[in-house]
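Below is one structure, written out as structure tokens; comments come after it.
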Amino acid sequence: MSERKVLNKYYPPDFDPAKIPKLKLPKDRQYVVRLMAPFNMRCKTCGEYIYKGKKFNARKETVQNESYLGLPIFRFYIKCTRCLAEITFKTDPENTDYTMEHGATRNFQAEKLLEEEEKRMQKEREEEELNNPMKVLENRTKDSKLEMEVLENLQELKELNQRQANVDFEAMLKQYKELEEEQRRKEQEEDEQEMKAMLEQAQNRRLLQDSDSDEEPTKPRANPAAQPKPTDILQEEPQPQNKKPRTESWERSVGKLSSRAQLAGLVTHRRQKPDPAPDNGMETRGTTASTGSLPAAAAATSSLGLLGAYSDSEDSASD
């Protein structure tokens, strides 16, 4: 089974490449290429600026009857991005650049023209000096005079600026250096003081630790026998929760000491009426106090007897 993708093709024995018909294409045929604008330009129709590096789908053709040292020159056709006017430019292999032909003007063309003019003058001067040694001497003299004039003008400008200037740059630089040195010295002193403080603090801490270790007495050990064991709680006898406390014999007859609050509600004091006669006030008060105390004492005794009997009946019921 033959491979699907093969690199070699079969040529029959009677193959003659001269019999293959050649494709005849016109020499001025055009190709569609993708390019970027080689320089900044401005459209003559609408005034739109086209900046260097903008991409276009251009048509490319070979310029007829124009070449430089055997190198062909190509022409490109692009359209303005705003008004769709046609703009053409071609290659310039002599200057390794492009030249504008039609439809737009190249920006910064004046600078380029100035550079070209300087190059042309320099070339003419070299050609003159090549055949005329006196011209060389004359040009050197002119150059030296021109250099001296430039230096004099520069010195005058410096003096004028120094007269008008109110700032002494040398003094300013000197002051800046002094401030820098003083700041550096202060930083060094601060670092030394900080180091000393840290060393003193560490030394004081060490001395305090040594003194504390000397002053601390040895702590006595706790007696393990005196400490309660966790199992001691199991040996204690549990007490019943429902068992009532036993009443004493004197509480049965007399009663509890806390019964005073209960008896306080049974005893009432008789209010005394004001006596209209101021002379007999003392006699009436004495008689009322003596008469009023007798029934109160009798009531207290009877109440105590009742409480004792009630407590005896409760104890017999509990037994």
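These values consider heavy atoms only, across backbone and side chains, with no hydrogens, waters or symmetry-generated copies.
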Please evaluate residues Arg42 and Asn107 with respect to the criterion side-chain contact (heavy atoms from CB on, under 4.5 Å), reporting the C-alpha separation (whole Å), side-chain torsions for both, the decisive distance (0.1 Å), and the verdict. CA-CA 7 Å; Arg42 185 181 182 186; Asn107 296 342; 4.1 Å; yes
Who clusters with Leu23? Use side-chain heavy atoms, under 4.5 angstrom, across I, L, V, M, F, W and Y, and order the result by chain and number.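 Hydrophobic cluster check, Leu23: joined to Leu25.
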With a cutoff of under 4.5 Å between side-chain heavy atoms, which Ile, Leu, Val, Met, Phe, Trp and Tyr residues group with Tyr11? Phe15, Ile20
In Arg75, Arg59, Lys79, the residue satisfying salt bridge (charged side-chain N to carboxylate O under 4.0 Å, His left out) with Glu86 is Arg59
Hey, which of Glu180, Glu187, Glu182 is the one that makes salt bridge (charged side-chain N to carboxylate O under 4.0 Å, His left out) with Arg184? Glu180
Please answer: with hydrophobic residues joined when any side-chain heavy atoms are less than 4.5 Å apart, are [X] and [Y] in the same cluster?
X      : Y     : result
Met100 : Val63 : no
Val33  : Tyr98 : yes
Phe56  : Phe39 : yes

Quick one, Gln122 and Glu118 - any side-chain contact, counting heavy atoms below 4.5 Å? no
For Asn40 and Arg106, which I'm curious about, is there any donor-acceptor pair between the side chains at under 3.5 Å?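 The answer is no; no qualifying pair exists.
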Got a second to check how far [X]'s [atom1] is from [Y]'s [atom2], nearest 0.5 Å?
X      : Y      : atom1 : atom2 : answer
Met134 : Asn139 : CE    : CG    : 11.0 Å
Glu126 : Lys123 : CD    : NZ    : 9.5 Å
Ile78  : Lys54  : CD1   : NZ    : 10.0 Å

Scan the side chains in residues 143-151 for donor-acceptor partners under 3.5 Å anywhere in the protein, sequence neighbours excluded, and list what turns up.
{"unit_1": "Asp143", "atom_1": "OD2", "unit_2": "Arg125", "atom_2": "NH2", "d": "2.7"}
{"unit_1": "Ser144", "atom_1": "OG", "unit_2": "Arg140", "atom_2": "O", "d": "3.4"}
{"unit_1": "Ser144", "atom_1": "OG", "unit_2": "Thr141", "atom_2": "O", "d": "2.7"}

Trace of the salt bridge (charged side-chain N to carboxylate O under 4.0 Å, His left out) decision for Glu181 with Arg185: CA-CA 6 Å; Glu181 291 177 358; Arg185 186 172 59 256; 5.7 Å; no
Using the six-membered ring wherever Trp is involved, compare the ring planes of Phe74 and Phe76 and label them parallel, tilted or perpendicular (cut-offs 30° and 60°). tilted
Working note: Glu170 + Lys174, criterion salt bridge (charged side-chain N to carboxylate O under 4.0 Å, His left out); need CA distance, chi angles, decisive distance, verdict. CA-CA 6 Å; Glu170 294 181 358; Lys174 185 177 180 181; over 6 Å; no
